[in-house]
Amino acid sequence: METISLIEHDLLSIVSERTKGQKALSSEHSSALARLEKYFPAKTFTWAHNSVKFSQYCGVISLGNISLEILPKIYGKETEPGACRNALIKMLFKAKRLKAQKSGSANIALQKYSLLDVFIIHFCNQLRTELMQGMIRHYVEKAENLMVLRGRIRMGKQFKYNLAHKERLYCQYDELSDDNVHNQTIKYVLKILMKFVKGVDARKQVTELLMRFDKISDTEIDLQTIDNLRFDHTNCRYEPIFKQCRWFLEGLHPDVLVGNNSCITLLFDMNRLFESYVANILRKLAWTNGIRMQEQKPQKYMIRRGDNDNQIFLMKPDMTFHDQDNNLLAIADAKWKLLDTRDKKLGISQSDLYQMAAYATRYGINKLALVYPKQQWLQDTIELQIQNSFSKIKIIPIDVINDSKINIS
């Protein structure tokens, strides 16, 4: 499978006949992308004349024999797809969209692969870790003729089959089996992933795992099957595995074909990803300073209607910071947007500032922050003063390449 790497907001040309290695889509691939559009969030991409432009959704769109790798725009690394890929993978780990290995080296090693292979290898690594502690096994009821008693005797069957064979016992018993819907689901997903792997390492890992599931029945699995799976103390450690299984199946679109190949989409909204990424970083910084951070809490309504006393316009700050007595100290929102210090208004959305002003009023707080990715025209923290109040809004840039040097004081 050939991979085309592009940066969010890039234009990708559409040509009638595409040559191998050309950074463009053929008319066949663009038609498949158009059929996929109904599965995407609104404005994931927009069409232009003989081209398509991708927005803030980054990840993988596999169109048959071509895989589109949409990467975040990282300041100073726009011409280096590898660096942008590394930054995205790092953000996915810190935002807990990908589960970190016990050894950090495993995460670093992932960064040399295509994004699709990264997701597949990550899944294989997590699955292998759980399999080391044992495959999921369920008790299944069996009934058969045996030479020794096992379980209990089925008297009706005993008289029917064994009147002439006194040495046999028709028994019914429970036996632990690997062949159950949980393992059938994993095998089904592994077989799907085998169709999309690109690199030798990823293919090898999927192949080895499929061998572990060789004796498991082949069963077609859908999202409803996964949603109906039950977990208890014996298999709850596998729940993250099945969340990934659902993610892969949800992104699979077998009804959209390019040639004989189906399509798969695995995308992340950079706005939400950046919000989770920033929250993870600031939570740790707050903890080291004896401060507790909450996400999307406390929620408060902004307006109360005078005619019926109903509360409307619920407010949910991205992050709030509290002292040990639970007093609110500050509020912060994260925004995956481009700013420009050369602009009088810095390029900040007016609605974002109104939101900060509303927080200040409703929550009675003077310390607020808007966190953005560090970029060419936003290198240093900027402080804004809300007129006729004591409330200040800090504009804080975070370097997603080197986030260890963040200063939020």
Side-chain angles (χ1 to χ4, degrees), residues 1-4 28-29 32-33 35-40 57-70 89 92 97-99 110 113-131 135-136 178-229 231 235 238-268:
M1 183 184 296
E2 186 179 349
T3 299
I4 298 176
E28 182 185 19
H29 290 118
L33 184 63
R35 294 195 297 274
L36 281 172
E37 191 168 6
K38 63 183 179 181
Y39 298 108
F40 294 145
Y57 289 89
C58 293
V60 174
I61 301 176
S62 180
L63 302 171
N65 60 345
I66 283 182
S67 178
L68 301 181
E69 190 179 70
I70 305 154
I89 294 169
L92 289 170
R97 297 295 193 274
L98 296 178
K99 187 177 178 181
L110 284 177
Y113 300 102
S114 70
L115 268 182
L116 184 53
D117 278 3
V118 166
F119 299 147
I120 293 173
I121 290 173
H122 173 264
F123 175 74
C124 290
N125 287 340
Q126 298 300 317
L127 177 56
R128 191 178 297 106
T129 298
E130 298 306 330
L131 288 173
M135 187 176 284
I136 294 177
D178 296 334
D179 197 5
N180 53 65
V181 66
H182 286 83
N183 290 330
Q184 290 162 6
T185 298
I186 294 173
K187 182 177 182 180
Y188 181 74
V189 170
L190 286 170
K191 291 181 73 173
I192 287 174
L193 296 182
M194 181 60 83
K195 300 176 183 178
F196 292 99
V197 290
K198 177 186 176 185
V200 174
D201 290 344
R203 184 172 297 277
K204 179 181 177 183
Q205 292 201 37
V206 175
T207 301
E208 290 175 351
L209 285 169
L210 276 171
M211 291 174 64
R212 297 280 300 273
F213 287 79
D214 185 55
K215 294 182 180 180
I216 306 300
S217 301
D218 289 310
T219 306
E220 189 165 340
I221 302 295
D222 57 21
L223 293 176
Q224 187 64 47
T225 303
I226 295 180
D227 291 340
N228 290 337
L229 291 175
F231 296 92
N235 61 13
Y238 271 89
E239 283 194 79
I241 296 296
F242 289 96
K243 286 182 181 178
Q244 292 180 66
C245 286
R246 195 187 195 289
W247 183 53
F248 284 124
L249 284 188
E250 193 173 29
L252 180 69
H253 306 289
D255 56 330
V256 180
L257 297 175
V258 182
N260 296 321
N261 301 310
S262 55
C263 300
I264 192 169
T265 61
L266 305 171
L267 297 174
F268 298 92

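Excluded from the calculations below are hydrogen atoms, water molecules and symmetry mates; all remaining heavy atoms, backbone and side chain alike, are included. None of the values given here were measured: they were computed from a predicted structure.
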[X] side, atom [atom1]; [Y] side, atom [atom2] - distance, nearest 0.5 Å:
{"X": "Leu116", "Y": "Ile61", "atom1": "CG", "atom2": "CD1", "result": "12.0 Å"}
{"X": "Leu131", "Y": "Gln126", "atom1": "CG", "atom2": "CD", "result": "11.5 Å"}
{"X": "Lys195", "Y": "Leu190", "atom1": "NZ", "atom2": "CG", "result": "12.5 Å"}
{"X": "Ile216", "Y": "Asn180", "atom1": "CD1", "atom2": "CG", "result": "6.5 Å"}
{"X": "Lys187", "Y": "Arg212", "atom1": "NZ", "atom2": "CZ", "result": "13.5 Å"}
{"X": "Cys58", "Y": "Leu267", "atom1": "SG", "atom2": "CG", "result": "8.5 Å"}

Open item on the list: Run Thr219 and Thr185 through side-chain contact (heavy atoms from CB on, under 4.5 Å) and show every step you take.
Closed with: CA-CA 8 Å; Thr219 306; Thr185 298; over 6 Å; no
If we only count heavy atoms from C-beta on, is the [X] to [Y] side-chain gap below 4.5 Å?
{"X": "Gln205", "Y": "Asn125", "result": "yes"}
{"X": "Leu266", "Y": "Trp247", "result": "yes"}
{"X": "Asp178", "Y": "Ile136", "result": "no"}
{"X": "Leu36", "Y": "Leu63", "result": "yes"}

Might you point out which heavy atoms bring [X] and [Y] nearest each other, and give the distance in Å?
{"X": "Leu257", "Y": "Ala32", "value": "O-CB, 4.4 Å"}
{"X": "Ile226", "Y": "Ile221", "value": "CG1-CG2, 4.1 Å"}
{"X": "Val60", "Y": "Leu115", "value": "CG2-CB, 3.5 Å"}
{"X": "Phe196", "Y": "Ser262", "value": "CE2-O, 3.6 Å"}
{"X": "Asn235", "Y": "Phe231", "value": "OD1-CA, 3.1 Å"}
{"X": "Ala202", "Y": "Val197", "value": "CB-CG1, 4.0 Å"}

TODO: Check the surroundings of atom CD in Glu239: do more than 12 heavy atoms from other residues, nucleotides or ligands lie under 6.0 Å from it?
DONE: yes
Among side-chain atoms of [X] and [Y], is any donor-acceptor pair under 3.5 angstrom?
{"X": "Glu2", "Y": "Asn65", "result": "no"}
{"X": "Ser67", "Y": "Lys198", "result": "no"}
{"X": "Gln224", "Y": "Asn228", "result": "yes"}
{"X": "His253", "Y": "Thr265", "result": "yes"}
{"X": "Tyr188", "Y": "Asn183", "result": "no"}

TODO: Go through Gln244 and Leu127 one step at a time and tell me if the side-chain contact (heavy atoms from CB on, under 4.5 Å) criterion holds.
DONE: CA-CA 10 Å; Gln244 292 180 66; Leu127 177 56; over 6 Å; no
Open item on the list: Between Tyr238 and His182, is the ring centroid distance below 6.0 Å?
Closed with: no
Task: Asp117/Arg203 ion pair, N-O < 4.0 Å - done: no
TODO: Could you tell me how the ring of Phe248 sits relative to the ring of Phe123: parallel (under 30°), tilted (30 to 60°) or perpendicular (over 60°)?
DONE: perpendicular
Task: Partner of Gln184 by side-chain hydrogen bond (donor to acceptor under 3.5 Å, both in side chains), out of Asp179, Asp218, Thr225 - done: Asp179
Task: Criterion side-chain contact (heavy atoms from CB on, under 4.5 Å) on Leu92 and Phe119, from CA distance to verdict - done: CA-CA 11 Å; Leu92 289 170; Phe119 299 147; 3.8 Å; yes
Task: CA sep, side-chain torsions, deciding dist, call: Phe242, Ile186, side-chain contact (heavy atoms from CB on, under 4.5 Å) - done: CA-CA 8 Å; Phe242 289 96; Ile186 294 173; 3.8 Å; yes
